[in-house]
2 protein chains.
Amino acid sequence: MSERIDKDRFEPAYAQLAAILRRQIAGGIYPPGGKIPSESSIGKEYGLSVMTVRQAIGVLTQQGLVERVQGCGTFVKSVSLTGSRFGLESIEDIFQDPGRTRVKVLRMSPGRADAKTAEKLELAEGARVILIRRLLLRENLPAMCHEGRIRCDFTRPLVEAELEVGPLSDLFRGNGGGVAKKCALTILPTVFDSEQARLLNQPEGGPAFRLEYLVYDFDDIPFGWGWFTAAPETLVLKTKLGLWDES
Amino acid sequence: MSERIDKDRFEPAYAQLAAILRRQIAGGIYPPGGKIPSESSIGKEYGLSVMTVRQAIGVLTQQGLVERVQGCGTFVKSVSLTGSRFGLESIEDIFQDPGRTRVKVLRMSPGRADAKTAEKLELAEGARVILIRRLLLRENLPAMCHEGRIRCDFTRPLVEAELEVGPLSDLFRGNGGGVAKKCALTILPTVFDSEQARLLNQPEGGPAFRLEYLVYDFDDIPFGWGWFTAAPETLVLKTKLGLWDES
DNA sequence: AAGTGGTCTAGACCACTAT
DNA sequence: TAGTGGTCTAGACCACTTT
């Protein structure tokens, strides 16, 4: 234990300790499946209180590097598929940077709910809905197609707001809006149909992602359902597990 | 503030407080974008110390419901695509329950690295690698195809271990193994080729997921690269955002 | 200057696990 | 029974934001 905590450093003590423990694990001092020292002994070793040590170990736990077992100890985890988490960072800018994103509305018109839409929006089949079809462009290049159905209920102000802002932009942007209480998301593989292929300049029948959503308002009523279609280059689902440098 | 913390309950105080705050947010007392009371005032209100209140708010933060801003306050977040995280729970059992999973080896033979494999495994093109092609069955039903390339370096014991256990089972299972230091994962959309279609009983050209991996050992040398191909029903990427009941 | 979250202490008691 | 992590207290000081 050559390394020490420098309390004068800008980096807080718990972060320094987390980095030290991380290096020790990477260096093989504590092998996968092995036990790291107890919180109290680490605290004595580095002159820190137990709560601070816990916070450091909490960082490693959240990174999936170690696992706490009550009454037993803290163990180094092996790399496991199970711990992986994929996010939508690659398309964040499309929803969050309106300056670089343009929306081309291909269709916005009243229509009737088909069986699938009726089920999703908890409506009777044939009930009135608003159909939307749009093309989202990033830096003037086509990025994603959007197809959506919105509950046609003008007693609810949010429907109007929805139509005004264009799409679900505010909802998904995370600002302003605040009409959505909850949302279910599904990612599916699909293939481009002829229209999508033309709009996105992709080969028909080629592989694509479909990001499907179902949004509820604060009365727990589903008010919007739809999906985005994106090429594999646009929606990138990558993640890293285990001990990568500096992360 | 009608609800109180019951310290005799089995549920810890921080969890009770987190649930209370969650209900208050869901009930619209603190709307999206709004500020919740400061940690010290909540502490006084419920007779808890600041650290305990912080732990409760930490739970909500991790659930993506609120956001802490230093020197400013804690704010209720709107539902946003950005916060979503997708996991591989749907195929966890294939890797973690050897009893119900069978592996049929279609090919395991020495070969030469093509350009892509050479790049991934940091080898010269044409270097010796081991090629593996397998079919993974769950409950005797075909679930996923696997195609992999392993570094052919018998000075390293892990290669032999790799071949013995069959596949990356131990690695991905998270037990025993411990030869992997880090791993990169990518999910891509693809279409079934004729062989995959036949093996998995799926339509050729139909949409599928491709889960690609690259595994490194403790010397930071990439020793395995490959991918799994799965039907959309097998690999389910779903997630929920915002205020769902009891979660 | 006042209020907020961020960090930290030096203890305490409890629940759980292993021996 | 001893050791571990899980929870909790009642403060403290700091960095940051707002007024």
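Throughout, a chain's letter reflects where its sequence line sits, starting with A, and its residues are numbered from 1. Everything numeric here is computed off the predicted structure, so don't read it as measured data.
Within the structure, every pair that satisfies the salt bridge (charged side-chain N to carboxylate O under 4.0 Å, His left out) test and touches residues 220-236 of chain A, not counting sequence neighbours, is listed here: K181(A)-D220(A), K182(A)-D220(A). Counting only residues at least two apart or on different chains, the salt bridge (charged side-chain N to carboxylate O under 4.0 Å, His left out) pairs with a member in residues 54-71 of chain B are E39(B)-R54(B), E39(B)-R68(B).
Put simply, Y14(B) has a side-chain N or O that comes within less than 4.0 Å of OP1 or OP2 on dT7(D). Not one side-chain nitrogen or oxygen of K35(B) sits closer than 4.0 Å to the OP1 or OP2 atom of dT18(D). Checking the phosphate oxygens (OP1, OP2) of dG6(C), a side-chain nitrogen or oxygen of R54(B) falls inside 4.0 Å. Between S38(A) and dG3(D) there is no side-chain polar atom (N or O) within less than 4.0 angstrom of OP1 or OP2.
The distance between atom OH of Y46(B) and atom P of dT9(D), rounded to the nearest whole Å, is 15 Å. When the C1' atom of dG6(D) is taken as reference, atom CZ of R9(B) falls 18 Å away, rounded to whole Å. Here the P atom of nucleotide dT9(D) and the NZ atom of K44(B) are 15 Å apart, to the nearest Å. In this structure, K7(A) atom NZ and dT7(C) atom C1' are separated by 11 Å, rounded to whole Å. Note: CG (D8(B)) to C1' (dC8(D)) measures 14 Å, nearest angstrom. Between E39(B) atom CD and dC8(D) atom P there is a gap of 16 Å when expressed in whole angstrom units. Distance CD1 (I42(B)) to P (dG3(C)): 17 Å, rounded to an integer number of Å. As rounded to whole Å, 14 Å separates atom P of dT7(C) from atom CD1 of I5(A).
Remark: of the listed residues I187(B), T186(B), L185(B), T186(B) is the sole one forming a side-chain contact (heavy atoms from CB on, under 4.5 Å) with K238(A). A ring-ring contact (aromatic ring centres under 6.0 Å, His included) with Y213(B) is found for one member of F223(B), F228(B), W227(B) and no other, namely F228(B).
Every salt bridge (Lys or Arg N to Asp or Glu O under 4.0 Å) that E11(B) has, sequence neighbours left out, goes to R9(B). With sequence neighbours excluded, the residues satisfying salt bridge (Lys or Arg N to Asp or Glu O under 4.0 Å) with E139(B) are R100(B). When the side-chain contact (heavy atoms from CB on, under 4.5 Å) test is applied to K120(B), the partners found at least two apart in sequence or on another chain are K116(B), E212(B), L214(B), W225(B).
Here L48(A) lies in heavy-atom contact (under 4.0 Å) with sugar-phosphate atoms only. Across all strands, G47(B) comes closer than 4.0 Å only to sugar-phosphate atoms, never to a base (heavy-atom distances).
Closest contact between the side chain of T52(A) and the listed nucleotides dT4(C), dA10(D), dT9(C) involves dT9(C). Residue R68(B) has its side chain nearest to dG6(C) when only dG6(C), dT17(D), dC8(C) are considered.
Ring planes of W244(B) and Y216(A): perpendicular class, angle over 60° (limits at 30 and 60°).
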Please list, for nucleotides 11-15 of chain C, all pairs of protein and nucleotide N/O atoms separated by less than 3.5 Å.
{"residue": "dA15(C)", "atom": "N3", "partner": "Q70(A)", "partner atom": "OE1", "Å": "3.3"}

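Of the two residues near DNA chain C, I36(B) and P12(A), the one whose nearest nucleotide lies more 5' is I36(B). The 5' end of DNA chain D is approached more closely, in terms of each residue's nearest nucleotide, by G73(A) than by the other of G73(A) and E11(B).
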